[in-house]
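Take a look at the structure below.
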Protein chains: 2
Amino acid sequence: MPQSDTLNRRIVLAARPRGLPTPGDFRLEETAVPTPGEGQVLLRTLHLSLDPYMRQLMDEIAPVYAASVPLGEPMPGGTVNRVAASKHPQFRPGDLVLGNTGWQDYALSDGQDLLPLGEMAQPSLALGGLGMPAFTAYVGLLDIGQPKPGDTVVVAAATGAVGSVVGQIAKLKGARVVGIAGGADKCRYAVETLGFDACLDRHGPEFASRLAAACPKGIDVYFENVGGAVFDAVLPLLNIGARVPVCGHIADYNNEKLPSGPNRLPLLMAALLQKRIRMQGFVILDHYGDRFDTFRREMSEWVDAGRVTLREDRVDGLDNAPAALIGLLEGRNFGKRVVHVAEG
Amino acid sequence: MPQSDTLNRRIVLAARPRGLPTPGDFRLEETAVPTPGEGQVLLRTLHLSLDPYMRQLMDEIAPVYAASVPLGEPMPGGTVNRVAASKHPQFRPGDLVLGNTGWQDYALSDGQDLLPLGEMAQPSLALGGLGMPAFTAYVGLLDIGQPKPGDTVVVAAATGAVGSVVGQIAKLKGARVVGIAGGADKCRYAVETLGFDACLDRHGPEFASRLAAACPKGIDVYFENVGGAVFDAVLPLLNIGARVPVCGHIADYNNEKLPSGPNRLPLLMAALLQKRIRMQGFVILDHYGDRFDTFRREMSEWVDAGRVTLREDRVDGLDNAPAALIGLLEGRNFGKRVVHVAEG
């Protein structure tokens with residue numbers, strides 16, 4: 001179903017998921033395209049970013065850093081938009097902007113949350129390799145992880161939007177990089193295309209002992225974006241003085257309650273203390289003010305010079321967004337998952 | 001039994017404890033007083049520090065930062081000693097030094113691990129308020145916890161050697177300080193004598209809700225030295241940007257295996273991420289080189305000016321050290337526990 005000029009398709013939260021979301025937790029609706037008032041722009045969605053944090057906003061109790069999605073309201077999300085109509089002095093019809101209009105064809109904005117993109121050869125990059133996920137990788141790795149040449153850096157979801165950039169920046173900084181991914185194809189890609197030193201299939205047998213073998217000098221930086229069994233395998237390998245930026249823990253997002261015991265918290269406490277480990281959570285929203293311009297400039301140089309490879313996992317059509325988010329939460333994406341809602 | 005000139009009493013590790021140590025895990029032996037060779041000094045023990053880390057060294061697998069005590073060998077520990085005889089050019093008989101001669105009357109040293117103390121009115125302070133425990137408080141609170149004026153700082157074992165100094169330094173830095181201690185006497189002392197803003201009895205009913213009520217603006221710095229149920233109550237109260245220096249987790253030291261479930265690690269991960277919390281372990285041995293002189297100077301000024309109050313929990317006689325360590329691990333100390341082995 002293509003984008004219409006007169007109807008606004010939107011996908012709303014129909015029910016709060018229990019565990020992994022199902023298609024029935026979403027509902028496609030059609031409403032009228034809204035009309036901008038004075039100082040507003042009407043935005044048309046070209047591309048919609050799908051990201052793991054969206055799962056957390058579907059719960060009634062949302063994480064501290066963002067609001068829960070009310071039932072019946074459109075799912076939120078970062079977008080690339082065209083200005084379709086403008087009563088705002090700073091925007092003209094046809095302008096390309098980075099927005100936050102979520103899972104719908106049209107939305108109004110007062111312009112304050114918009115970033116003009118100029119003309120880009122591949123605008124969807126603003127949602128991935130030049131946008132939030134890569135910025136997350138950049139800040140988490142460099143500002144918190146602080147890899148030194150020769151350090152061993154481990155990152156899971158190694159071919160995903162964040163992990164793939166973490167590993168490639170770590171290589172640029174002289175680290176040895178070990179990725180963790182789901183499946184042989186992704187592991188091969190991480191080593192052959194992204195240049196990781198090794199990549200382990202987390203589904204394979206004896207994962208923990210293979211990880212230990214792949215990190216003969218231990219782990220100096222673990223970029224945490226999955227949690228669960230991967231973290232359990234990483235913990236005993238962390239070196240004295242290791243840094244653990246905590247960016248996400250997707251393995252837990254669909255859990256309705258805490259996993260059964262034993263309680264591994266004392267094990268973490270002992271490791272933090274004895275190995276003088278620094279573990280630090282971060283939310284990328286905090287860092288746009290002081291780090292985004294530097295990131296954007298440096299990352300653009302790396303991408304233009306071919307030093308960082310970006311892979312988009314393209315999904316066509318807004319109506320495919322629910323299945324695509326469910327797949328993302330199951331690790332079935334291969335690269336940065338972006339919904340192409342409309343062209344041009 | 002007083003100190004002899006010819007016999008060396010020493011308390012050795014007789015058996016590896018299972019859970020809380022028992023008196024039978026220690027054995028008092030008598031050996032000859034050793035004779036110093038060229039470049040050595042003979043040290044006589046005046047005061048012996050008792051500290052929670054000693055429990056960890058009694059296990060076969062010791063923490064990363066120190067060696068396990070071999071069965072049949074003397075228990076280790078920080079000491080204040082007199083030089084009894086010297087074949088070392090830098091030490092003379094009668095010199096007062098800070099040493100590491102452990103649970104015995106006499107030991108030899110090549111001088112490298114000794115710190116001359118000059119003459120002190122109360123030499124045992126070198127084991128507490130001017131020594132390792134207070135230095136631990138100083139580095140953990142100021143360098144990792146980084147309290148700002150108006151911050152809420154929470155510390156457990158609030159009247160202990162470390163916690164009492166953490167809270168008092170935090171007050172000097174303008175923070176609001178909430179202590180946690182075992183028993184009404186200790187809580188009263190923390191408020192009335194140490195100047196804490198509040199202190200909660202961890203044995204009392206509804207501890208978690210009382211802690212929440214005592215921290216209406218949440219917790220900005222939690223100095224972690226106990227772990228267990230106290231940490232569980234602290235976690236939901238941590239503010240955005242909170243800092244958690246991890247100094248110890250005594251609640252776990254006697255556990256032979258991990259506690260039963262649920263596994264609370266995902267809860268910690270979620271809190272670290274959403275609240276951008278920094279949690280960092282440290283081992284005080286790492287910091288003597290660059291921070292001890294500053295600490296010593298500043299702390300001496302505070303003590304001399306009456307701005308920091310120190311309380312020693314004095315135990316008389318080397319043969320009482322085992323029971324005193326067991327009591328310390330049960331939280332039955334009230335202040336810095338020091339064994340007075342001999343006078344003068």
Side-chain angles (χ1 to χ4, degrees), chain A residues 53 56 59 61-66 140 144 224-229 231-232 235-236 238-255 257-287, chain B residues 53 56 61-66 140 144 218 224-229 231-232 235-236 238-255 257-287:
Chain A
Y53 77 85
Q56 299 198 286
D59 286 332
I61 297 173
V64 175
Y65 58 86
I144 301 176
E224 171 63 303
N225 54 6
V226 297
F231 184 72
D232 294 345
L235 186 59
L238 290 173
N239 285 334
I240 288 178
R243 288 81 65 197
V244 181
V246 178
C247 163
H249 51 117
I250 191 171
D252 304 316
Y253 291 174
N254 287 318
N255 290 344
K257 55 180 189 175
L258 290 172
S260 59
N263 180 4
R264 295 174 61 83
L265 242 180
L267 208 60
L268 177 63
M269 284 289 187
L272 290 179
L273 169 59
Q274 296 179 18
K275 297 181 180 171
R276 301 83 145 162
I277 293 165
R278 177 161 50 81
M279 209 166 166
Q280 186 169 349
F282 69 105
V283 169
I284 198 61
L285 296 173
D286 299 344
H287 302 275
Chain B
Y53 76 85
Q56 298 198 289
I61 297 172
V64 175
Y65 59 85
I144 301 177
E224 170 64 303
N225 55 6
V226 297
F231 184 72
D232 294 346
L235 186 60
L238 290 172
N239 285 335
I240 288 177
R243 289 82 65 199
V244 181
V246 179
C247 163
H249 52 117
I250 190 170
D252 304 316
Y253 291 175
N254 288 317
N255 290 344
K257 56 180 188 175
L258 291 173
S260 59
N263 181 4
R264 295 174 60 84
L265 244 181
L267 208 60
L268 176 63
M269 283 288 187
L272 289 179
L273 169 59
Q274 295 179 18
K275 297 182 180 171
R276 302 80 146 164
I277 293 166
R278 177 161 51 82
M279 208 168 167
Q280 186 169 349
F282 70 105
V283 169
I284 198 60
L285 296 174
D286 300 344
H287 301 276

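Proteins get letters first, then strands, A, B, ... in listed order; numbering begins at 1 in each. In this text the structure is predicted, and so the values were computed from the model without any measurement.
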| field | Which of B:G248, B:G261, B:P245 touches chain A most, by non-hydrogen pairs under 4.5 Å | value | B:G261

| Heavy-atom pairs under 4.5 Å with chain A, option from B:K275, B:Q56, B:R264 with the top count | B:R264

| query | With a 4.5 angstrom heavy-atom cut-off, which part of A:A270 approaches chain B: side chain, backbone, both or neither? | reply | both

| request: Calculate, to the nearest 0.5 Å, the distance between atoms CG and CG belonging to B:D252 and A:L267 respectively. | output: 10.0 Å

| query | Can you tell which of A:M279, A:H249, A:E224, A:Q280 makes a side chain to side chain contact (heavy atoms under 4.5 Å, CB included) with B:L272? | reply | A:M279

| request: Would you mind reporting whether A:P262 and B:P259 have side-chain heavy atoms less than 4.5 Å apart? | output: no

| query | Does the side chain of A:Q274 come within less than 4.5 Å of B:V283's, by heavy atoms? | reply | no

| said: Among A:I277, A:L273, A:L258, which residue has the highest count of heavy-atom pairs closer than 4.5 Å to chain B? | reply: A:L273

| field | Toward chain A, the part of B:N255 with a non-hydrogen atom under 4.5 Å | value | neither

| query | Relative to chain B, which segment of A:I240 carries a heavy atom at a distance below 4.5 Å: side chain, backbone, both, or neither? | reply | side chain

| message | Closer than 3.5 angstrom, by distance alone: can the side chain of B:N263 be matched with the main-chain N or O of A:N263 as a donor-acceptor pair? | response | no

| said: I want to check something: taking the side chain as every heavy atom from C-beta on, are B:R276 and A:D286 in contact at a cut-off of under 4.5 Å? | reply: yes

| query | Above 12 or not: heavy atoms from other molecules or residues under 6.0 Å from CD1 of B:I61? | reply | no

